[in-house]
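See structure below.
The chains referred to below are lettered A, B, ... by the order of the sequence lines, with proteins before strands, and numbering in each begins at 1.
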Amino acid sequence: MAIRVYNTMSRSKEELETIEPGTVKMYVCGPTVYNYIHLGNARTFLNFDMIRRYLEYSGVDVTFVQNITDVDDKIINRANVEGVPADEIAEKYRLAFEEDMEALGVKPPDIAPRATEHIAEMVEVIAVLVEKGHAYVADGDVYFDVSSFAGYGRLSGRDLSEQQVTVQFSPEMERKRDPWDFALWKAAKPGEPSWESPWGPGRPGWHIECSTMSVQYLGGGFDIHGGGLDLVFPHHENEMAQAEAYSGDRFARYWIHSGMLNIDQEKMSKSLGNIKMLREVLEEFDPDTVRMLMLGTHYRSPLSFSEMSLTEARASIERIWNCLERIESAGDNGGGGSGAGGNELTSTLERLDASFREHMDDDFNSAAALGEIFEAVREVNTFLDGAEAPPAAALQRAKQFIMEHCGALGLELEASSRIVASSTSRAKISSAGSDRGRLLSFAAEAGIEAETGEMPDEELVQLLLEARQVARESKDFTRADMIRDGLNGLGIQVEDIKRLRPE
RNA sequence: GGCGGAGUGGCCAAGUGGUAAGGCAAAGGUCUGCAAAACCUUUAUCGCGGGUUCGAUUCCCGCCUCCGCCUCCA
């Protein structure tokens with residue numbers, strides 16, 4: 001089945017026809033490493049991770065390149081403020097970015113080129129642009145001459161003459177022939193990081209790195225170029241102008257842009273100061289919850305963020321976790337039966353698999369695709385409710401369905417909690433870690449003290465579950481509830497998995 | 001001013017020319033010693049006004065509101 005993607009260039013969905021069938025070469029603009037990334041950045045990276053994973057899930061061989069902008073005005077400014085070298089700032093936040101991506105479960109790019117390691121290549125491209133008359137030199141700076149490129153404005157659909165020019169006076173403006181011209185090379189000011197070039201020491205402009213590195217690693221006319229919607233203009237417009245002026249060939253085939261994340265109806269951005277750092281969020285919420293939040297809205301739509309939206313996302317991912325746990329428990333408690341409905345479940349899952357793919361094939365509609373997963377969760381739960389001894393094959397299929405489809409969207413479904421089970425109940429110890437001291441004193445309070453000092457939390461909880469079970473069997477519900485409430489109070493959820501049989 | 005996007009149940013959010021997925025929340029019910037989990041049931045004339053059509057939430061026109069971009073931006 002053909003995958004359709006919305007191409008910003010054509011403003012419509014197009015069938016994805018790559019240069020080489022079965023292969024997708026994609027480039028996504030990475031971060032400028034001058035600070036920790038915020039949730040808005042995270043949305044973009046998560047969206048492209050979802051797209052990449054789904055393509056791979058569909059059997060496509062993806063080459064994924066994402067740059068690191070490690071030389072830039074913002075980095076230099078930050079370095080000046082902190083009084084440390086610029087490369088130190090860049091390195092620090094580059095590593096932080098990698099940590100954040102790993103924590104989020106974003107697959108690392110196949111290639112993560114850094115601007116500072118490709119200066120020579122950029123200089124060469126700039127030199128050709130100057131040679132071809134697409135760029136001019138002014139006091140050690142080099143600017144791209146927008147008027148020399150006929151298609152300028154094509155990607156972002158704008159006519160420069162109709163745009164409001166709100167440029168402030170600056171020395172740089174003085175050097176430009178036209179306010180819309182942009183820097184390919186910036187002459188170094190004292191103390192700034194710089195590299196030698198035919199135009200004197202300096203550093204590359206922002207856009208040139210992407211034009212250069214994408215083509216270097218993926219070849220001209222590569223398949224997909226992505227980034228946040230706010231990069232369409234000027235960044236991508238400029239990238240394309242440079243690259244096509246340089247080579248004379250088409251730059252990228254499909255332009256995919258990820259919608260903005262808003263807080264209180266406004267875009268989260270540095271200039272507005274309404275930033276929520278990803279790190280902050282990850283302290284409180286697990287990666288699947290964050291991803292769930294993003295998957296719930298189509299990647300091109302604006303996503304309005306609030307504290308509550310995370311809590312809701314958390315509740316919905318829990319529904320999936322719970323289902324998986326039920327499947328596990330059903331397997332542990334026999335699972336070898338020949339319960340009816342197994343075949344029916346299997347064919348229902350077949351159907352849901354097909355609609356899942358249809359939705360994802362249609363411009364990566366993760367929100368609709370999630371709906372099919374939840375549909376499956378309900379079917380599985382109903383099946384589990386009705387079957388005394390569900391057949392192992394059906395359980396296996398159910399588990400595989402959920403894991404596979406969640407995996408295609410990048411949901412890791414890693415146990416966010418450690419499960420301790422007795423024969424009639426189980427406890428979920430949140431992975432955030434429980435308070436050891438309080439657990440010990442609570443155990444003592446419940447009359448469990450002998451040799452608990454060295455005992456791992458799991459065993460301690462196990463003893464408590466068993467004590468509660470004894471209490472329940474002797475109808476001492478006061479004590480049973482005291483144990484359950486006490487554990488709940490420690491963030492350890494206790495649930496009964498089957499009824500007590502009087503025997 | 002130019003370009004683009006959006007307005008769907010209490011909240012979030014898909015979607016379609018033939019009366020609208022899913023999640024969260026709420027209420028009632030089943031199950032449970034009680035909970036939790038799970039299941040069932042209940043809650044939408046799809047911003048407003050016209051038009052096209054046998055029929056529009058979906059297409060067209062106008063209006064209102066909101067958001068993004070117009071050289072910091074994911």
Exercise. Does A:F477 stack onto the base of B:G33, taking stacking as ring centres under 5.5 Å apart and planes under 30° apart?
Worked result: yes
Problem set entry | Partner nucleotide of B:U32 by Watson-Crick or wobble geometry (both distances under 3.5 Å) | none
Exercise. From B:C3, B:A74, B:A13, pick the nucleotide closest to the side chain of A:T297?
Worked result: B:A13
Exercise. Any donor-acceptor pair under 3.5 Å joining the side chain of A:D496 to the base of B:C34?
Worked result: yes
For this session: Report yes if at least one side-chain N or O of A:N365 is closer than 4.0 Å to OP1 or OP2 of B:G15; otherwise report no.
Result: yes
Exercise. For atom C1', what is the distance between B:U43 and B:G9, given to the nearest Å?
Worked result: 7 Å
Problem set entry | Ring-on-base stacking B:U71 with A:F182 (under 5.5 Å, under 30°) | no
Exercise. If pairing requires Watson-Crick or G-U wobble contacts with both distances under 3.5 Å, which nucleotide is the partner of B:A37?
Worked result: none
Problem set entry | Position toward the 5' end of RNA chain B (nearest nucleotide), A:N381 or A:R300 | A:R300
Problem set entry | Cationic tip of A:R52 above A:F64 ring, under 6.0 Å, 45° of axis | yes
Exercise. Hey, does the side-chain of A:R484 have a donor or acceptor N/O within less than 3.5 Å of a partner on the base of B:A35?
Worked result: yes
Exercise. How long is the line joining NE2 of A:H257 and C1' of B:C70, in whole Å?
Worked result: 15 Å
Exercise. Got a donor-acceptor pair under 3.5 Å from the side chain of A:D481 to the base of B:G33?
Worked result: yes
Seminar exercise, completed: Re B:C73: Watson-Crick or G-U wobble partner, both distances kept under 3.5 Å, found to be none
Exercise. Taking N and O atoms by type only, does the side chain of A:R319 place a donor or acceptor under 3.5 Å from a partner on the base of B:C24?
Worked result: no
Exercise. If you take atom types as modelled and just measure distance, does the side chain of A:K267 reach the base of B:C73 with a donor-acceptor pair under 3.5 Å?
Worked result: yes
Problem set entry | 5' priority, RNA chain B, between A:G157 and A:Q493 [closest heavy atom] | A:G157
Seminar exercise, completed: Among B:A74, B:C12, B:U71, the one nearest any side-chain atom of A:H38 is B:A74
Problem set entry | Out of B:A37, B:U71, B:G23, whichever nucleotide has its closest atom nearest the side chain of A:S316 | B:G23
